[in-house]
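These notes concern the structure reproduced below.
Only heavy atoms go into these numbers, but all of them, side chains included; no hydrogens, no water, no symmetry mates. Order of listing sets the numbers, starting from 1, for every ligand and every atom in it. We're numbering straight along the sequence, starting at 1.
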Amino acid sequence: MQSENITPRSVAIVGAGQAGLLLGCGLLDKGYSVTIVTNRTPEDVWSGRVMSSQFIFDPALQIERDLGLNQWEADCPRTEGIGFSIPAPDGSGTQALHWHARLDAYGQSVDQRLKMPGWMKEFERRGGELRYDDVGVDQLETLAAEYELVLLAGGKGEIVNLLGRDDSRSPVRQPMRQLALSYVTGMKRTDYYECVNFNLIPGVGEYFVFPALTTDGADGTKACDIMVFEGVPGGPMDCWGDAKTPEQHLEVSLNILKTFLPWEYERSRDCQLTDDNGRIAGRITPTVRNAVLTLPSGRKVLGLGDAVLVNDPITGQGSNNATKAAKHYLDAILAHDASAFDEAWMRQTFDDLYNGYAEKVVRWTNSLLFPPPEHIIKLLGAAQELPAVASRIANGFNDPRDYANYWFAPEDTDRLINAEAQKLAA
Ligand SMILES: Cc1cc2nc3c(=O)[nH]c(=O)nc-3n(C[C@H](O)[C@H](O)[C@H](O)COP(=O)(O)OP(=O)(O)OC[C@H]3O[C@@H](n4cnc5c(N)ncnc54)[C@H](O)[C@@H]3O)c2cc1C
């Protein structure tokens with residue numbers, strides 16, 4: 001806490017999402033004066049379309065807990081593991097490969113339509129100022145003149161393009177998947193513990209599904225499951241163009257499962273959408289942007305979360321990254337004491353995050369957007385026989401830096417498989 005007779009340091013954040021609200025609440029707890037400017041009211045968010053599948057693994061959940069922002073933890077279903085399947089290529093509708101492995105600690109998904117309005121209320125309760133405006137350059141100038149530090153945490157909003165793409169860190173140049181989400185009720189459980197069940201359909205795309213907590217349409221909550229479809233562009237799963245109504249969206253979802261993943265269809269056939277807004281379809285170009293925006297006045301703005309680091313959701317890391325980035329920025333701001341938040345500090349703050357963590361997440365996530373090389377097929381197959389390999393892959397989702405040890409080079413993959421095979425045989 002800062003002393004009462006010293007003016008608290010002032011920070012403005014554009015965007016009331018996963019990153020902006022976490023950082024804002026964390027700074028308020030340390031005595032900072034924080035304003036968040038966002039373009040959607042809690043009511044807009046609550047009554048709007050779903051935005052994400054927002055599955056969060058334990059290390060990021062722990063950051064939410066530490067900041068006192070886990071208010072749905074007791075009600076939200078717990079996901080205890082990762083399941084992985086590949087269908088048989090002969091069209092028999094069976095699984096050529098299946099394994100599941102426990103996470104060291106559970107993960108959870110709380111619908112952002114529920115979470116963000118709740119956190120906005122909590123931000124105000126802690127003394128933060130929430131303003132509603134669709135921020136452009138003029139508003140950024142006003143904020144930068146008024147506050148010691150301005151952060152741009154506008155997610156996928158148009159404004160983040162001002163930061164400009166960092167080509168050297170963005171090897172993928174176009175959307176690699178057609179994405180769709182269906183929030184549903186009525187799914188039958190599997191006969192093993194709750195998992196993020198990930199299905200890889202070679203050449204077609206991916207489907208993963210897991211439990212979550214959503215709104216009940218009034219002011220309460222209900223459990224649901226989130227279906228995530230990742231179709232290779234131009235392929236048979238890139239088929240959402242005609243799904244205009246909620247009924248059509250559900251029909252397309254179930255048709256994909258029936259065609260490619262009959263075991264998933266079997267447990268989903270009686271599903272209904274949670275509500276008419278429990279669906280989206282779209283595309284994302286994975287992009288790393290420049291961390292610092294220079295305004296016409298010369299003042300600087302620092303990007304945070306998806307604004308600077310947007311990944312395809314194929315590995316479910318975006319909210320996890322945004323959470324870890326908010327924590328990293330929080331620590332960097334607190335450690336900066338009374339010094340000015342100049343451009344050098346901004347660049348250093350982002351580069352430390354990127355080099356120490358995010359670069360490896362980006363690399364692994366992007367690798368999954370391309371057809372799996374031979375050694376990855378071998379690795380995924382070995383996980384069926386070797387529980388320790390399955391466990392290692394599953395727990396990599398908690399902190400994807402571990403994949404650098406065995407994912408990219410065939411010799412590293414072989415070393416892991418051989419070591420675990422020897423341990424099992426001993
Ligand atoms: C289909 C899909 C599935 C996903 N699934 C997962 C998953 O399972 N796990 C996971 O970890 N991540 C997932 N993600 C990614 C995750 O949702 C994002 O990475 C995360 O929400 C980013 O947080 P953020 O705070 O940076 O941005 P956001 O949460 O998007 O917040 C941005 C905020 O900025 C506001 N804003 C935008 N423009 C302006 C403006 N001009 N002025 C004022 N305010 C503005 C918005 O209203 C919003 O409040 C998924 C994404 C998609 C698209």
Side-chain angles (χ1 to χ4, degrees), residues 12-24 35-42 44-45 48-57 59-61 64 79 107-113 115-117 119-120 123 130-140 143 150-162 175 177-183 196 198 206 208-212 226-231 240 279-287 289 303-326 329 358 361 365 397-398 400:
I13 302 171
V14 176
Q18 180 74 23
L21 284 163
L22 271 170
L23 177 59
T35 298
I36 293 183
V37 190
T38 193
N39 59 2
R40 297 176 78 204
T41 65
D44 292 338
V45 176
R49 282 282 183 102
V50 295
M51 293 161 277
S52 175
S53 56
Q54 71 269 310
F55 189 88
I56 300 199
F57 293 89
L61 286 182
E64 295 186 356
T79 297
Q108 292 186 315
S109 168
V110 176
D111 186 346
Q112 290 184 346
R113 294 181 299 176
K115 190 180 205 179
M116 298 314 154
W119 281 3
M120 285 155 101
F123 173 77
L130 205 50
R131 295 186 200 158
Y132 300 105
D133 198 359
D134 192 36
V135 173
V137 173
D138 291 349
Q139 290 88 337
L140 282 176
L143 291 170
V150 179
L151 294 131
L152 179 53
K156 297 175 192 70
E158 196 56 39
I159 189 172
V160 306
N161 292 319
L162 292 173
R177 293 291 185 273
Q178 168 65 43
L179 307 170
L181 297 179
S182 308
Y183 279 45
V196 176
F198 190 96
E206 298 79 17
F208 46 102
V209 57
F210 47 82
I226 302 180
M227 300 171 160
V228 185
F229 298 89
E230 295 246 344
W240 297 90
R279 62 191 165 106
I280 47 164
R283 294 180 187 231
I284 289 174
T285 302
T287 307
R289 294 195 180 82
L304 165 66
D306 268 13
V308 272
L309 203 66
V310 62
N311 283 310
D312 189 283
I314 193 162
T315 54
Q317 293 296 316
S319 291
N320 293 271
N321 285 341
T323 306
K324 290 172 184 175
Y329 282 28
V361 184
T365 300
F397 282 82
N398 290 320

* **Plane angle bin for Phe210 and Phe208 - parallel if under 30°, tilted between 30 and 60°, otherwise perpendicular** =>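 Taking Phe210 first and then Phe208, their aromatic rings lie parallel (interplane angle under 30°).
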* Going by the angle between their ring planes, with limits at 30° and 60°, are Trp240 and Phe229 parallel, tilted or perpendicular? -> tilted
* Asked: Can you find a pair of side-chain heavy atoms, one from Met116 and one from Gln18, that are under 4.5 Å apart?
  -> yes
* To do: Check the pair Asp44 / Thr41 against side-chain hydrogen bond (donor to acceptor under 3.5 Å, both in side chains), numbers first and verdict last.
  => CA-CA 5 Å; Asp44 292 338; Thr41 65; 3.2 Å; yes
* Spacing of CG belonging to Leu152 relative to CD1 belonging to Ile13, to within rounding of 0.5 Å ->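 That separation rounds to 11.0 Å.
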* Closest heavy-atom contact between Gly15 and Ile36? ->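 Between these two residues, the closest heavy atoms are O-CG2, 3.8 Å.
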* **Those protein residues which place at least one heavy atom below 4.0 Å from ligand 1** =>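 Heavy-atom contacts below 4.0 Å: Val14, Gly15, Ala16, Gly17, Gln18, Ala19, Val37, Thr38, Asn39, Arg40, Met51, Ser52, Ser53, Gln54, Phe55, Gln112, Asp133, Asp134, Val135, Ala153, Gly154, Gly155, Gly157, Ile159, Leu181, Ile284, Gly305, Asp306, Pro313, Gly316, Gln317, Gly318, Ser319, Asn320, Ala322.
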